S.K.: 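Below is a structure I'd like to ask you about.
Please read these numbers as outputs of a predicted model, since none were measured by experiment. Residue numbers start at 1 and run along the sequence shown.
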Amino acid sequence: MYQALGVMILFGPILVSGKVTCSGQDWLLFGEMCYKIGDTLNHSAATKACSDLDGYIIMPKTPEEMEFAKSLQNIRGTIEEVWIGLKETNSDGIWKWADGSLASDQNIVQDNTPGEDCVRLQFASLVYDTLCSNTFVTICQRDADLGKHYIR
């Protein structure tokens, strides 16, 4: 951008935002995130499966996102326990989301058993810690595709 004598001249295209969507098969849109229900895996395999899809294990950081995560527990007709993308670092009681950010509510996990450093959304829609070697349904999340076009 260049401004002279009160006139702005824009160089390059102007981005115009469009529709928010989820490209790819079986992705669900909620807000500006896409979610995909995957296989029953241990935490390490779930993390890799989501990473392979350019995402993370579901990270319900807001009450609305938590309610959405709970609704996905029953999407296959039976209530399933699912991984939450939250992990205790070094068994020190500090919880971090899969994207590396600290959980704003460090009391989000209902039970804090030593050695159980991974987190699941339990049948009763409560967040509990668990062994990372256990297997639960994997739900991946990634950023939604923002429909974009440019004006030249």
Side-chain angles (χ1 to χ4, degrees), residues 12-151:
I14 300 171
L15 173 65
V16 179
S17 293
K19 186 176 176 184
V20 177
T21 62
C22 296
S23 62
Q25 189 174 5
D26 300 326
W27 286 93
L28 304 167
L29 178 66
F30 180 76
E32 292 187 359
M33 300 301 289
C34 296
Y35 300 87
K36 186 172 190 167
I37 299 172
D39 296 325
T40 300
L41 303 167
N42 67 35
H43 192 271
S44 177
T47 299
K48 183 180 181 331
C50 291
S51 177
D52 288 348
L53 296 171
D54 295 324
Y56 302 101
I57 297 173
I58 190 171
M59 297 179 290
K61 295 180 179 182
T62 67
E64 296 80 17
E65 290 169 345
M66 183 60 79
E67 288 305 311
F68 180 71
K70 290 174 183 178
S71 75
L72 294 178
Q73 285 185 284
N74 194 25
I75 203 161
R76 294 180 176 164
T78 59
I79 296 177
E80 311 253 5
E81 290 188 290
V82 300
W83 285 116
I84 296 291
L86 190 62
K87 196 169 181 184
E88 188 176 18
T89 60
N90 304 319
S91 295
D92 59 4
I94 304 298
W95 296 97
K96 283 190 178 181
W97 292 107
D99 64 5
S101 63
L102 280 176
S104 59
D105 179 4
Q106 286 292 311
N107 296 316
I108 188 172
V109 179
Q110 300 292 322
D111 180 27
N112 193 2
T113 304
E116 294 186 353
D117 295 337
C118 292
V119 179
R120 73 188 191 277
L121 185 56
Q122 193 222 28
F123 293 119
S125 297
L126 298 173
V127 178
Y128 277 92
D129 61 348
T130 189
L131 295 172
C132 299
S133 59
N134 288 336
T135 59
F136 300 106
V137 172
T138 303
I139 301 174
C140 300
Q141 79 173 53
R142 65 170 171 81
D143 292 332
D145 306 309
L146 301 177
K148 301 173 184 174
H149 61 277
Y150 294 89
I151 300 173

S.K.: Keeping the roles fixed (side chain from E81, backbone from V137), state whether a donor-acceptor pair exists under 3.5 Å.
M.R.: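 Not a single qualifying donor-acceptor pair exists.
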
S.K.: Measure the spacing between OG of S101 and CH2 of W95 and express it to the nearest 0.5 Å.
M.R.: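 The CH2 atom of W95 is 14.5 Å from OG of S101, to the nearest 0.5 Å.
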
S.K.: Under the 3.5 angstrom rule, does the side chain of T62 hit a backbone N or O of E65 as a donor-acceptor pair?
M.R.: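 Answer holds: yes.
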
S.K.: If you compare all heavy atoms of R120 against all heavy atoms of D129, which two are closest, and at what distance to 0.1 Å?
M.R.: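 Scanning both residues completely, I find the closest heavy atoms to be NH1-O, 3.0 Å.
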
S.K.: I'd like to check I58 versus L72 (side-chain heavy atoms, cut-off strictly below 4.5 Å). Are they in contact?
M.R.: yes

S.K.: Do the side chains of T130 and F136 get nearer than 4.5 Å, heavy atoms only?
M.R.: yes

S.K.: List the steps, then state whether side chain to side chain contact (heavy atoms under 4.5 Å, CB included) holds for V119 with K87.
M.R.: CA-CA 6 Å; V119 179; K87 196 169 181 184; over 6 Å; no

S.K.: Would you compute the distance between atom CG of L121 and atom NZ of K70 and round it to the nearest 0.5 angstrom?
M.R.: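 The NZ atom of K70 is 7.0 Å from CG of L121, to the nearest 0.5 Å.
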
S.K.: How long is the gap from CG on L28 to SG on C34, to the nearest 0.5 Å?
M.R.: 8.5 Å

S.K.: Find the distance between CD (E88) and SG (C132) and round it off to the nearest 0.5 Å.
M.R.: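 It is 9.5 Å, given to the nearest 0.5 Å.
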
S.K.: Is it the case that the side chain of W83 and the backbone of L41 share a donor-acceptor pair, with hydrogens and angles ignored and the cut-off at 3.5 Å?
M.R.: yes

S.K.: Does N42 use its side chain to pair, donor to acceptor, with the backbone of S44 at less than 3.5 Å?
M.R.: yes

S.K.: I want to check something: taking the side chain as every heavy atom from C-beta on, are Y35 and C140 in contact at a cut-off of under 4.5 Å?
M.R.: no

S.K.: So does F68 get a backbone contact from the side chain of S71, meaning a donor-acceptor N/O pair under 3.5 Å?
M.R.: yes

S.K.: My understanding is that only residues two or more places apart in sequence, or in another chain, count here; which of them pass salt bridge (Lys or Arg N to Asp or Glu O under 4.0 Å) with D99?
M.R.: K61

S.K.: Apply side chain to side chain contact (heavy atoms under 4.5 Å, CB included) to L53 and K36, showing your working.
M.R.: CA-CA 9 Å; L53 296 171; K36 186 172 190 167; 4.2 Å; yes

S.K.: Taking the side chain as C-beta and beyond, is there a heavy-atom pair between I94 and T89 under 4.5 Å?
M.R.: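 Touching, per the 4.5 Å side-chain cut-off.
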
S.K.: So, do R142 and C50 sit near enough that their side-chain heavy atoms are less than 4.5 Å apart?
M.R.: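 They are not in side-chain contact.
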
S.K.: Can you tell me how far CG of L126 sits from CD1 of I108, rounded to the nearest 0.5 angstrom?
M.R.: 11.0 Å

S.K.: As an exercise, state the distance from CG of D145 to NZ of K19, rounded to the nearest 0.5 Å.
M.R.: 11.5 Å

S.K.: May I ask you to test the H43-I57 pair for a side-chain heavy-atom distance under 4.5 Å?
M.R.: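 H43 vs I57: side chains touch.
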
S.K.: Does the side chain of W97 come within less than 4.5 Å of P60's, by heavy atoms?
M.R.: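 Side-chain contact under 4.5 Å: yes.
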
S.K.: To check you understand the geometry: which heavy-atom pair defines the closest contact between Y128 and V109, and what is its length?
M.R.: C-CG1, 4.0 Å

S.K.: So L86 and K96, do their side chains get closer than 4.5 Å, heavy atoms only?
M.R.: no

